[in-house]
Amino acid sequence: MDTQIENKYEKIAWGTSLPVPSVQELVRNDVKEVPLRYIQNNENRPVAIFKPTDPDSAEIPVINFSLLAHGDEDERKKLHLACKEWGFFQILNHGITKEVIQKVKTAVSGFFELPLIEKKKYAMEEDDLHGYGQAFVHSEEQTLEWSDIMFLIIYPLKSRKNMVWPELPGFKEAVEEYSENLERVRDEILGNISLLLGLKRESLKEMHGEMKHAVRMNYYPPCPNPELVLGIGPHSDATSITLLLQDDDVTGLQITHKQKWLPVNPIPNAILVNVGDCLEIWSNGMYKSIEHRAVTNKDEVRISIATTLFPADTKELKPVETMINAQCPSMYKKVKFLDLIKHGMSKTMDGKIFIEFAKEEHNQGP
Ligand SMILES: O=C(O)CCC(=O)C(=O)O
Ligand SMILES: [Fe+2]
């Protein structure tokens with residue numbers, strides 16, 4: 001095989017990250033206490049670990065995808081309220097079969113179950129974010145998250161780094177099959193949001209330029225003291241939208257709603273969607289990218305698979321004309337996507353680190 005061709009890929013020019021130990025490996029080696037590097041400051045610790053039956057659990061809006069795809073106006077209104085008031089919603093009846101979802105979940109879990117030495121073959125390099133490791137680590141002093149990740153670009157094909165795609169039987173096929181299925185879901189959601197913003201159905205998709213699909217696979221091992229750590233710290237996604245698959249029976253994701261952290265109860269086979277920073281900018285802040293985080297627990301592994309959609313690096317982002325008027329001035333400056341993401345990647349994952357870069361001076365609130 002011609003290795004020149006095989007190794008051709010685009011580095012992700014978004015930032016760098018220092019190598020850190022595998023948390024899964026710490027747990028495999030039977031760590032009894034949380035090492036200091038992972039202990040969060042008092043104010044960042046998850047105050048309470050919620051159970052799925054907790055009455056406070058988030059009643060995240062549920063969207064019936066099939067109705068949306070049939071042009072149902074009421075469902076589109078529900079989508080509008082979900083984006084405006086929650087920034088998060090779950091979709092059901094999306095037409096992606098249980099088998100396809102199960103296959104990708106099994107593939108991802110199969111990858112993380114490999115011995116460390118095997119996974120390291122696919123390790124992230126310091127100046128490139130493709131692969132196995134942790135993103136957003138910039139200093140030896142930084143508090144680390146209780147998770148390992150695998151980050152892969154799916155589309156465009158020319159941006160893939162093939163040598164970090166695990167050579168695990170069925171892995172590539174499962175990830176590709178799920179991603180192909182997701183394109184229809186993506187188009188319907190972006191199409192409906194375009195209409196809600198007073199644009200043509202194709203507009204938001206076109207505004208991405210050459211859209212990137214990346215998958216961030218998160219592995220949260222059990223933790224001897226989950227009150228002290230975070231699986232992933234509070235952040236908003238620098239995406240246009242994110243589509244997330246999570247375990248059916250392990251709760252871990254929490255979102256902010258009315259200044260409170262609320263847990264998201266998984267619905268089996270649902271896809272959770274959240275508004276990212278680019279959509280917040282395009283919609284001139286009508287739809288907000290909401291801060292979220294993941295907590296861990298004592299006994300169970302949790303895995304989530306986040307498909308993140310990004311505009312091309314060179315795309316300039318600014319609110320769409322239909323969302324600006326005398327009462328609603330533009331809340332965000334024109335920024336190049338690459339500058340937005342580089343700004344955020346140079347920080348530790350803490351709050352809305354990307355979008356602060358794009359805010360106009362009169363828009364410095366949350
Ligand atoms: O594990 C989760 O549920 C959340 C993951 C997440 O927020 C991300 O990958 O950006
Ligand atoms: Fe996220």
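Whatever order the structure lists them in is the order used to number ligands and atoms, beginning at 1.
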For the Fe ion (ligand 2): the N/O/S atom of Asp237 at shortest distance:
OD1
Side-chain (Lys103) to main-chain (Ala174) donor-acceptor, under 3.5 angstrom:
no
Determine, considering heavy atoms only, which of Ala306, Gly252, Ser304, Ser147 sits nearest to atom 2 (C) of ligand 1.
Ser304
Taking the six-membered ring for Trp, are Trp14 and Phe337 parallel (under 30°), tilted (30 to 60°) or perpendicular (over 60°)?
perpendicular
Arg216: numbered ligand 1 atoms lying under 4.0 Å from its heavy atoms
9 (O)
With a 4.0 Å cut-off on heavy atoms, is Arg302 touching ligand 1?
yes
Do Ser236 and Glu280 pair up side chain to side chain, a donor and an acceptor below 3.5 Å, judged on atom types alone?
no
Taking only non-hydrogen atoms of Tyr220 and a 4.0 Å limit, the atoms of ligand 1 in range are 1 (O), 2 (C), 4 (C), 5 (C)
Of the side chain and backbone of His292, name the one, both, or neither that has a heavy atom under 4.0 Å from an atom of ligand 1.
side chain
Looking at Leu253, which atoms of ligand 1 are within less than 4.0 Å of one of its heavy atoms?
3 (O), 4 (C)
Less than 6.0 angstrom separating the ring centers of Trp282 and His208, yes or no?
yes
Contact partition for His235 relative to ligand 1, non-hydrogen atoms under 4.0 Å:
side chain
For Asp237, which part has a heavy atom under 4.0 Å from ligand 1: side chain, backbone, both, or neither?
side chain
Is it true that Asn218 and Ser147 share a donor-acceptor pair across their side chains at a distance under 3.5 Å?
no
Ligand 1 to Gln246 polar contact by distance, N or O atoms, under 3.5 Å
no
Verify whether the ring centers belonging to Tyr132 and Phe111 lie closer than 6.0 Å.
yes
Any carboxylate oxygen within less than 4.0 angstrom of a Lys/Arg side-chain nitrogen, looking at Lys32 and Asp30?
yes
Per-atom contacts, ligand 1 versus Leu244 - under 4.0 Å to a heavy atom:
3 (O)
Taking NZ, NE, NH1 and NH2 as the nitrogens, is one of them in Lys105 or Asp248 under 4.0 Å from a carboxylate oxygen of the other?
yes
